[in-house]
Amino acid sequence: MNAALKDRARHAFARQFGQEPDGLAFAPGRVNLIGDHVDYNDGLVLPLVLPLGTSVAWGRNNLGTMRAVAADFNDESDSFIPGRKSTATPGWKAYLRGMSAVLQSACGDAPQLDLAIAGDLPRGAGLSSSASLCVALGRALQASGAAVQTTPVELAQAAQRTEHEFAHVACGIMDQMAAACGQAGHAMLLDCRSLEMQHLPIPDGWAVLVVQSGVTRGLVDGAYNLRRKQCNDAARRLGLASLREARLSDLAAAALPEIEARRAQHVIEEIARVESATNCLANDDLAGFGRLLNASHASLRDLFEVSHPQVDRLVDILQRAVGNNGGARMTGGGFGGAVVAVAPGGEVQRLKNTIADEYSSSAAETIQLACGCGRHASGKTQCTLQDQHQ
Ligand code: GLA
């Protein structure tokens, strides 16, 4: 966890509750390298954790209440009696109540805690700020002894349940698994059907760039849930438990409604791309990996229809600048948010300059870059996020 973020959480705690916290918890956000809109189809995904995330400072109180403050929302506060059925409008309070309820259900003691939350992930950028918040809250609750202890996978499942039941987004499990189980500098190949995972090092010399388009995701949960429904409908028509089992030849034979056929085609081909991308990682084939990213973007744009014109423009600029040496795509749920690109480490500065020169909307002001330069003593790739313009 970066020191500045830790300090922000600790200071917010001291401001609000007048004492030092007993502990600090953290969970990262993620960028998904490839494999979007396949997790809820039992597919394969390849996320990479970011050095950014959510920090939660915690301290026990004996007041019979949960009290919390959110540093990123002008110290907005919340308090509720744990164990009582409590709801809040979607937002950080709903996630707090959700994680508290979900993790408490199997445990006798109701948490009586003070919490201060601070994050440094851009919200609405498709970098999993809500999964990072949920997992960090879960870790704080567990570290305080006020919640049932779980494995990291169970913690991810609790966070997903919170998203479903308290934020009403029918998300898959990728983001929560990345936040709970991801390892810095390693892409996580996750099989969303079995929840088996492998941590694959990013080869030395590859750079991973996360560039914000500046278009934040708006009221898109309905569109996300609709995509999920279309995939489920397609699987049902094919007589399959999920699209993981589907083949392209099944689609033609089944004469699916056109929109469902397009969604299913994306899912089938995207899962295959993740498998190929994993081979490219293992073989240090950056050009091959880049081609798969480019193809993934085209599919998310044209078949799955979850991109955004401004995101397409940024992806296009990056793809042209990287050429055959890498690639770029939208990442995450879509409808705006960040773009991910892979390129040789030595190209990063040139790409940054190109973005600054050619991506001329006011959004360019907030572009951030993550660079896995792969030259660290541990031999592992590390990500550092730099704010280019601030
Ligand atoms: C969002 C969801 C994930 C996943 C991605 C798209 O981030 O939370 O479960 O479906 O969109 O890949």
Side-chain angles (χ1 to χ4, degrees), residues 27-50 53-54 90 94-95 98 121-135 153 156-182 187-193 195 197 210 213 216-232 242-244 263 266-271 273-274 277 292-293 296-297 299-301 303-308 311 329-340:
R30 61 98 190 97
V31 59
N32 189 22
L33 294 175
I34 192 162
D36 271 315
H37 289 276
V38 297
D39 60 347
Y40 53 80
N41 292 296
D42 284 348
L44 303 173
V45 294
L46 201 61
L48 170 68
V49 292
L50 296 172
T54 309
Y95 291 115
L121 280 164
R123 282 185 296 277
L127 300 177
S128 285
S129 55
S130 63
S132 152
L133 169 63
C134 287
V135 173
V153 171
Q157 289 168 324
Q160 185 194 29
R161 219 180 116 193
T162 294
E163 193 80 60
H164 287 185
E165 295 175 14
F166 290 78
H168 308 294
V169 178
C171 64
I173 190 79
M174 167 174 68
D175 305 348
Q176 295 77 11
M177 284 292 289
C181 308
M188 186 170 92
L189 174 64
L190 173 68
D191 183 330
C192 298
R193 182 168 54 186
L195 297 189
M197 64 194 116
V210 181
S213 71
T216 50
R217 290 171 61 183
L219 298 165
V220 296
D221 299 346
Y224 181 93
N225 291 349
L226 176 63
R227 296 300 183 285
R228 185 167 185 161
K229 181 179 179 308
Q230 290 163 339
C231 291
N232 290 345
S242 75
L243 289 178
R244 174 72 180 273
R263 306 297 190 241
H266 164 76
V267 172
I268 295 166
E269 292 176 343
E270 184 81 349
I271 293 171
R273 277 189 287 268
V274 175
L292 293 162
L293 260 57
S296 169
H297 184 77
S299 179
L300 287 158
R301 182 192 59 208
L303 297 177
F304 219 74
E305 296 174 289
V306 288
S307 192
H308 182 284
V311 171
R329 62 184 284 272
M330 59 155 275
T331 182
F335 309 102
V339 162
V340 62

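This structure is a prediction, so every number in the text was calculated from the model and none was measured. One-based numbering, in listed order, for ligands and for the atoms of each.
Protein neighbours of ligand 1 below 4.0 Å, counting non-hydrogen atoms: R30, D36, H37, D39, Y40, C171, G172, M174, D175, Y224, G332, G333.
Between the side chains of R329 and S296, a donor-acceptor pair is found at a separation under 3.5 Å. Side chain to side chain, S299 and E270 fail the donor-acceptor criterion of an N or O pair below 3.5 Å.
A search for side-chain contact (heavy atoms from CB on, under 4.5 Å) contacts involving D39 returns V45, M174, C192, Y224, not counting sequence neighbours. Remark: R123 engages no residue in a side-chain hydrogen bond (donor to acceptor under 3.5 Å, both in side chains) (not counting sequence neighbours). For E305, the side-chain contact (heavy atoms from CB on, under 4.5 Å) partners are R227, R262, R263, not counting sequence neighbours.
Between H168 and N225, the closest side-chain pair of non-hydrogen atoms is not below 4.5 Å.
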